[in-house]
There are 2 protein chains.
Amino acid sequence: MADATRPPRGRKPHSSGHPSDDQSLTRERIAAAAIGMLDAKGIDNMTMRALAEALGSGVMSLYWHVANKEAVFDLALDSVLAYREPEGRGGDWRGDILHMVMDWRSTMLRHPWSALLLPRRVLGPNILVRLEHLSVCLRQGEVPEEYVNAAIWSIWNYVMGATLTRVTFGPSDEDRIAAQDRLAELGSVYPSLGRSRLLLDDDWDGAFRKGLEFLLDGIGARR
Amino acid sequence: MADATRPPRGRKPHSSGHPSDDQSLTRERIAAAAIGMLDAKGIDNMTMRALAEALGSGVMSLYWHVANKEAVFDLALDSVLAYREPEGRGGDWRGDILHMVMDWRSTMLRHPWSALLLPRRVLGPNILVRLEHLSVCLRQGEVPEEYVNAAIWSIWNYVMGATLTRVTFGPSDEDRIAAQDRLAELGSVYPSLGRSRLLLDDDWDGAFRKGLEFLLDGIGARR
DNA sequence: ACCTGAACACCGTTCAAGT
DNA sequence: ACCTGAACACCGTTCAAGT
């Protein structure tokens, strides 16, 4: 993927001097407006035209600051994923990972569109900071070198799948009812699923944590 | 004495003669054409107009058989995810799960669009068969009841995240080069990531298996 | 029951032009 | 350097109508 976080034409950061008139378009204003619009209206309603209107500019003005719509997504996505490590990081590699991952998940659930976007356009600097942190913690925990990358990717995969599923499947009442109906006939066709009431279980937070602990246990067992 | 001039236009359920003659639209034909088009041209180029053209019909004819474009996706997705358990299923719960999950992944990688679609539109009958199988295996393995659902979802999440990432991030050379460039500056900003060359590691199959084993180990430890 | 074209209400983006 | 409207090449789907 092209580095869409870089402006298409050279653009100097807002120079000091005169107080910035809040009318002028900047990448920062575009990113902020995009985030607001994505949060409020969802990913499908985030159109370039709507974004321009929210910013009080013509549609095509955006394209001076931004290569295309994907670049807007990248901008919004990256600025939402920032993470700063907490101060008191003692040698507890497992706790540190757990903290970062929990924060990662809740950040994405606060901006549901980010879960849809992240697995499509990887590699923003802020998400790399999280992966770096993961890498450091694993080595601190003395996970053998040959397992470090696999461990990072496994956590990535897990977080990605969990947030995506949570976002698309969880909150809708419509889905809830469909699941109910399905479960009625489920008993005969899917007896084991029916017994555990998998589709009615709505303890998302608990399930997420349990699964993460399966993973960390398996990783920890390699030491 | 049959009317020899009459065109073989009779609509028989199972025509013995000319398969080329069934021009009529069915959900099955629509699903098959959609799968072919998705495989060949990718998800973004699967338009209702193109689909209709491939089927030799008008665009709006599709809407008699199908509610909308999403229904076409659901149809294609479900028919691709079928799974039949292998015959020789001995008491090896771990091996059975591993087999099903590996098949699941390779099926989705054969139809990359399915990885994009599945986490958005859950609950097709064929994918439920896979989840049911998972459920049965876990109980067979005597995983405690309170962990069964979490175990199922954790495997779901893992497979979902892994295939999605593989599909969107993996195959592109463009991405490969971007990762290279990024890694160059990475050494100073992300030392730990740089050391393990995470973004250059292309042993996707190995990483997937390792991660799955972390998970199964963690689950197995609950017994 | 099944199929159709015209038309509507949108998209993202190119382009030539303005300041 | 920054912004703009008009226009292009598309979309999915509604509708009224055909057989």
Side-chain angles (χ1 to χ4, degrees), chain A residues 1-2 4 6-34 37-38 41-77 113 116-117 120-121, chain B residues 7 9-13 15 21-31 33-34 37-38 41-77 113 116-117 120-121:
Chain A
M1 87 191 63
R6 215 164 288 284
R9 328 259 198 274
R11 159 131 181 95
K12 57 182 177 183
H14 211 294
S15 61
S16 58
H18 49 281
S20 61
D21 50 346
D22 45 4
Q23 303 288 27
S24 81
L25 244 32
T26 63
R27 314 193 95 225
E28 290 72 28
R29 281 191 69 223
I30 292 174
M37 180 158 290
L38 284 163
K41 312 230 182 127
I43 201 168
D44 288 335
N45 296 316
M46 217 296 278
T47 67
M48 294 300 269
R49 288 172 214 261
L51 184 58
E53 194 183 10
L55 286 163
S57 74
V59 196
M60 294 318 298
S61 310
L62 298 172
Y63 285 83
W64 176 261
H65 304 271
V66 130
N68 49 33
K69 194 184 182 181
E70 288 219 305
V72 176
F73 283 147
D74 287 346
L75 231 40
L77 183 59
W113 48 273
L116 288 280
L117 253 27
R120 294 205 179 215
R121 317 212 28 99
Chain B
R9 192 53 74 122
R11 52 178 68 246
K12 295 179 180 180
S15 164
D21 204 16
D22 56 316
Q23 303 282 24
S24 80
L25 244 32
T26 63
R27 311 191 98 225
E28 290 72 28
R29 281 191 70 219
I30 292 175
M37 180 158 291
L38 285 162
K41 312 231 183 125
I43 201 168
D44 288 334
N45 296 317
M46 216 298 277
T47 68
M48 294 300 268
R49 288 170 215 264
L51 184 58
E53 195 183 10
L55 286 163
S57 75
V59 195
M60 292 319 298
S61 311
L62 298 171
Y63 285 82
W64 177 261
H65 303 271
V66 131
N68 49 32
K69 193 183 184 182
E70 288 217 308
V72 176
F73 282 148
D74 287 346
L75 231 41
L77 183 59
W113 48 273
L116 288 280
L117 253 26
R120 294 206 179 215
R121 317 210 30 96

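In what follows, chains carry the letters A, B, and so on, assigned in the order in which the sequence lines appear, proteins first and then strands, with residues in each chain numbered from 1. Every heavy atom of this structure was used, including side-chain atoms; hydrogens, water molecules and symmetry mates were not.
B/Asp74 places no side-chain N or O within 3.5 Å of a backbone atom of B/Leu77 that could act as its donor or acceptor partner. A distance-only check finds no donor-acceptor pair linking the side chain of A/Arg49 to the backbone of A/Val59 [under 3.5 Å]. Side-chain N or O atoms of A/Arg27 include one that pairs as donor or acceptor with a backbone N or O of A/His65 at under 3.5 Å.
Both key distances under 3.5 Å define a Watson-Crick or G-U pair, and stretches of 3 or more such consecutive pairs in DNA chain D run C:4-8 with D:12-16, C:12-16 with D:4-8.
Between C/dC11 and D/dA7, the two C1' atoms lie 14 Å apart (nearest whole Å). If you take atom C1' in D/dC10 and the same atom in C/dA9, they sit 13 Å apart, rounded to whole Å.
Regarding A/Trp64, its CH2 atom lies at a distance of 16 Å from the P atom of C/dC15, rounded to whole Å. B/Leu55 places its CG atom 16 Å from the P atom of C/dC2, with the value rounded to the nearest Å. One atom, CD of B/Glu53, and another, P of C/dT4, lie 13 Å apart when rounded to the nearest Å. Atom-to-atom, CG of A/Leu25 to C1' of D/dA1 comes out at 13 Å; the value is rounded to the nearest Å.
For D/dT4, the OP1/OP2 oxygens have a side-chain nitrogen or oxygen of A/Ser61 closer than 4.0 Å. One finds no side-chain N or O of A/His65 lying less than 4.0 angstrom from the OP1 or OP2 phosphate oxygen of D/dA1.
Taken from CD1 in B/Ile43 to CZ in B/Phe73, the straight-line distance is 4.5 Å, to the nearest 0.5 Å.
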Would you check, one step at a time, whether the test side-chain contact (heavy atoms from CB on, under 4.5 Å) holds for B/Lys69 with B/Leu51? CA-CA 10 Å; B/Lys69 193 183 184 182; B/Leu51 184 58; over 6 Å; no
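Here the closest non-hydrogen pair linking A/Asn45 and A/Ala50 is O-CB, 4.3 Å. Counting all heavy atoms, side chain and backbone alike, A/Ala67 lies closest to A/Ala71 at N-CB, 4.0 Å. In terms of heavy-atom proximity, A/Met37 sits nearest to A/Ala54 at CE-CB, 3.8 Å.
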Between the protein and nucleotides 10-13 of chain C, list every N/O to N/O distance that falls short of 3.5 Å.
from: C/dG12; atom 1: OP1; to: A/Met48; atom 2: N; distance (Å): 3.4
from: C/dG12; atom 1: OP1; to: A/Lys69; atom 2: NZ; distance (Å): 2.8
from: C/dG12; atom 1: OP2; to: A/Met48; atom 2: N; distance (Å): 3.2
from: C/dG12; atom 1: N7; to: A/Arg49; atom 2: NH2; distance (Å): 2.5
from: C/dG12; atom 1: O6; to: A/Arg49; atom 2: NH2; distance (Å): 2.7
from: C/dT13; atom 1: OP2; to: A/Tyr63; atom 2: OH; distance (Å): 2.6
from: C/dT13; atom 1: OP2; to: A/Lys69; atom 2: N; distance (Å): 3.0

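Using a 4.5 Å heavy-atom cutoff, the side chains of A/Met48 and A/Val72 are in contact.
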